[in-house]
Participant: 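Can you read through this structure? Questions will come right after.
Scope of the values below: all heavy atoms of this structure, side chains included, with no hydrogens, waters or symmetry mates.
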Amino acid sequence: MNHTFIEPHLAAGDGTPRRRLRVFNGGFLTNRRLRRILDLSNFDISLGYPRDGDMIGVWGKSPTAHRGEKMAQKSGVPLVRFEDAFLRSVHPGRAGGRGPLGILIDEDGLYFDPTSPSRIEKILTSAPLDDGAILSRGRDALGRIRHLHLSKYNAHLLDAPCPAPGYVLVIDQALNDASVTASGAGSALFKEMLAFAQIEHPGAQILIKTHPETIAGFRAGYFGPEDENHRVSLFADPVSPWSLLDGAVGVYTVSSQFGFEAIMAGHKPRVFGQPFYAGWGLSLDENPVPRRTRTLTRTQLFAGAMMLAPTWYDPHLDRLCPIEDAISALEAEARAWRDDHAGWDAVGMRLWKRPHMRQIYGGYGGMRFTETPRGDRPCMVWANKADQAPDTAARVEDGVIRSRGLGAELIPPLSLSLDRRGIYYDPTAPSDLEDLINAAPNLPEGERRRTERLITRITNANLTKYNLVGDVAVDLPDDRHVILVPGQVGDDASITKGATGGVKTNADLLRRARADNPDAYIIYKPHPDVVAGLRDGAVPDEVLTLADRIMPGGDMGALLSKVDEVWTLTSTTGFEALLRGVPVTCLGAPFYAGWGLTRDLAPTPARRGARPDVVALAHAVLIGYPRYFDPVMRTPAPPEVIMTRLEQGTVPTPGPFNRSLSKLQGLFASRASLWR
C-alpha cells in the first residue's frame, strides 16, 4: 500500500502486510537504529536471492548501492531506496553520531536525483498541501526548529560569534557527494557559483560555508585555501546555520540542504544544481527541472519535505512518531552536546551521586571529579557549595520535576538544572532562569503549544516534584475558603536565600496565613523529608493548632486540585499550583514570584520585569532551564519522555540500601542537604 499523502507514522500498524526486504549492504544489519525503524515500517530484512513479493533495499547512492541495483534489474524485483531525513543527529554518521531520527523510504526514486520523480517530488507536485491542520503544524514545527537552532547535523554552539551582517554565503559540499553528481555538477560549477556570488554582490564579503564532514576531516570539499582572497574566506566556525542565515544578504548553493534551510529562513537562494527544493517558486534556479511547475509557499514545502515524506522515530519510546517528537528528541541530544562537549570538572559532588552525574553530563567530553579544578575545562559545582569552586563555575541543582521519591532517600533525579549565572532559588543574584522567563513572552507558537500540552499532561496525571502517591480523598468544607500551606525543609537554601520578607520559618508562615485568613480552612502539609525524619523543619505543636488539618502524606498533585489558594514561602508547590490555576500568595521571593502571576507579600527583584503568562513561565521552568535524563535508555531526553516514564512507573525507586543509608545520613547530618 502506498501511503503517499499521509505521514508514515500514521500508517504504522494499519494492517499493511509486512514486506521482505533483501539487502546487499551490511549496514542494514548492523545499524540497530535503522533496523528498528524498518521493522516498525513493516520491513523484514534478510540476505539472499529475492523471490516474488520481495523488495530490494539500497542506501541512497552509496558505494554498495550498485549491488542491489543490479540484482533488482536482473530479478525484476522492485527497488526501494533509503536515506537519512533532514534532522539526523549531533554528528554525521561517519563521525560517530547516533543513528538517524528519521529516514526517507522511497519506492519511486531518490530525493536528490532529479532524473526521475522521487517520493518528495510527487508529494510536492500532487499532495493537497493547503490542508489547514497540517500547515498549522508545519508553521509550528518550523518555528521550533529555528528557535532551537536544529539542522541535519548539530555540532554548533549557540554562543559562537557570527560575522558582522551583510555577507554572502556560498555553500560548499563534500567532494563527489551523490547529491552533487546527481545534479550533473562538479568542480567547474562550484567555481562558477563563486564567481556569480562575487559579481552579483560587489564589495560584499563572501563566506564559503564548509561542509560538516569536511570540518571533521572525513571528506574534502570543492573549495580550499586557494579560493580565498581579500573578499572571499572559508568559514568553518561552529555557528548555528540559522544564526548564519540571519546575517546573510545572499545564499548560493548547488544542492546542499543548507539551501532548503535558507528558504525556510526567508531567503530566495540562487541554486545551481537540481535539489528537491528547487523549482517551486522559492529559489532562483540556474538549471530548472521543467516538470516542476507548481508554486508553493515555504510552509507547504516544509510540510511536504519534513512531515509527509520522512519516517520519524522516537528512540525513547521506540515507536514511529510525528516530526514534533523527533524535534524534541534531537533538541535534548543537541543541548547535551552543547553543554558537555568540552568536558567538566565537578566540585562538591557526594560519592553516591557521582555515577549519575557522569551519566548525565559526561556523555560527550567526560567528567572529572575534583576539589581543585585545573582550569583546562569548564567547572560545575553543586549550588550550595559554590564557595568551594571558582566564581566562573556553573551551579547545578535538581529540576522542578525531580523523581518519584525523595532526594533525601538517595533517589537520583530525572532532571537537573545547570546555571552559569546564579541559581534559580537565589533571588539575590541574576540567574539563567530569570533570563529565560524574561524572554519567554517571545516564544514561537509551536513552543507555546508544546508547553500547553505538557501542562495538561502534568495536571491530568497529578505530577509534582517528588510524585509521592497517597490518598487525598478527604472531605473539605464547601462553605469555607480552603488554603494549602506547604511546609519546607527549615535550612533549605531556597529559604535561606529567598525568604526576603519578615517570615523565615514554617511556623511563622502558618501564623501569618491564619492571621490574614481567620475564617479560612487551612491545610498544613509538612515537607516529606521532614516527615521522614531526614531534614529539619518541624513546626511546634502549639502552632500546628492554627491549621484545621495536618496532612503529612498524600498526593500533592491531587490535593492541589481541591484547594482554593496556596500560601508559601518559596516552595515549588506554588509553581505547581500556578500550573493548575490555583492562586498563590508568596511571603518570600521564589523563582515564580515577581512576574505578576502571584500575590507577593515580600520584596522581589526589580529585574523581573517581564509579564509572562503561566504558559510562558512554564516553558522556561520545565523546558528551557532543566535537562532531563531517561532512566530507561540512559540518554538525554525531552520532558515529554519523562512524563511518560512517571506515568508508567518506569523510574528508579528507593531500595533497602537507599533507605538505610538515607536514615543514617538523616541521623548524623540532619541539617545537611544531601542533594544540595
Participant: With a 4.5 Å heavy-atom cut-off, do L101 and D84 have their side chains touching?
Facilitator: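 In short, these two side chains do not touch, never coming nearer than 4.5 Å.
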Participant: Give me the atom names and distance for the closest heavy-atom approach of W595 to G609.
Facilitator: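 So the two residues come closest at CZ3-N, 4.1 Å.
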Participant: For Y625, which of I437, L433, V400 qualifies under side chain to side chain contact (heavy atoms under 4.5 Å, CB included)?
Facilitator: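 That would be L433.
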Participant: If I compare all heavy atoms of R607 with all of T428, which pair ends up nearest, and what's the gap?
Facilitator: NH2-C, 4.0 Å
Participant: Any donor-acceptor pair under 3.5 Å linking the side-chain atoms of R402 with those of T572?
Facilitator: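 Short answer, no.
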Participant: So, E333 and T635: side-chain donor and acceptor under 3.5 Å apart, yes or no?
Facilitator: no
Participant: Give a yes or no on whether the ring-centroid distance for H211 and F258 is below 6.0 angstrom.
Facilitator: no
Participant: Which class fits the ring pair F575 and Y592: parallel under 30°, tilted 30 to 60°, perpendicular over 60°?
Facilitator: tilted
Participant: Give a yes or no on whether the ring-centroid distance for Y425 and F591 is below 6.0 angstrom.
Facilitator: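 Between Y425 and F591, the centre distance exceeds or equals 6.0 Å.
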Participant: Under 4.0 Å between a Lys/Arg side-chain N and an Asp/Glu carboxylate O for D600 and R608?
Facilitator: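 No.
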Participant: Tell me yes or no: between the side chains of Y313 and D318, is some donor less than 3.5 Å from an acceptor?
Facilitator: yes
Participant: Charged N to carboxylate O under 4.0 angstrom, R395 versus D419?
Facilitator: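 Between D419 and R395 there is no salt bridge, as every charged N stays at least 4.0 Å from the carboxylate O atoms.
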Participant: Answer yes if the side chains of D340 and W344 hold a donor-acceptor pair under 3.5 Å, and no otherwise.
Facilitator: yes
Participant: For R338 and H156: C-alpha separation, side-chain torsions, deciding distance, then whether side-chain hydrogen bond (donor to acceptor under 3.5 Å, both in side chains) applies.
Facilitator: CA-CA 7 Å; R338 291 165 189 166; H156 46 259; 3.2 Å; yes
Participant: Apply salt bridge (Lys or Arg N to Asp or Glu O under 4.0 Å) to the pair R450 and E447, showing each step before the final yes or no.
Facilitator: CA-CA 5 Å; R450 176 193 185 189; E447 284 295 292; 3.6 Å; yes
Participant: Using only atom types and a distance under 3.5 Å, with no angle test, would you say the side chain of Q488 pairs donor to acceptor with the backbone of T570?
Facilitator: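 Between the backbone of T570 and the side chain of Q488 there is a qualifying donor-acceptor contact (under 3.5 Å).
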Participant: Are any non-hydrogen side-chain atoms of L244 and Y167 less than 4.5 angstrom apart?
Facilitator: yes
Participant: Knowing that exactly one of D391, D435, D339 qualifies, which makes a salt bridge (Lys or Arg N to Asp or Glu O under 4.0 Å) with R420?
Facilitator: D339
Participant: If you apply the rule side-chain hydrogen bond (donor to acceptor under 3.5 Å, both in side chains), what do you find for S151 with R88, and how did you get there?
Facilitator: CA-CA 8 Å; S151 184; R88 189 193 187 279; over 6 Å; no
Participant: I'd like to know if the side chain of T505 and the backbone of D508 have a donor-acceptor N/O pair within less than 3.5 Å.
Facilitator: yes
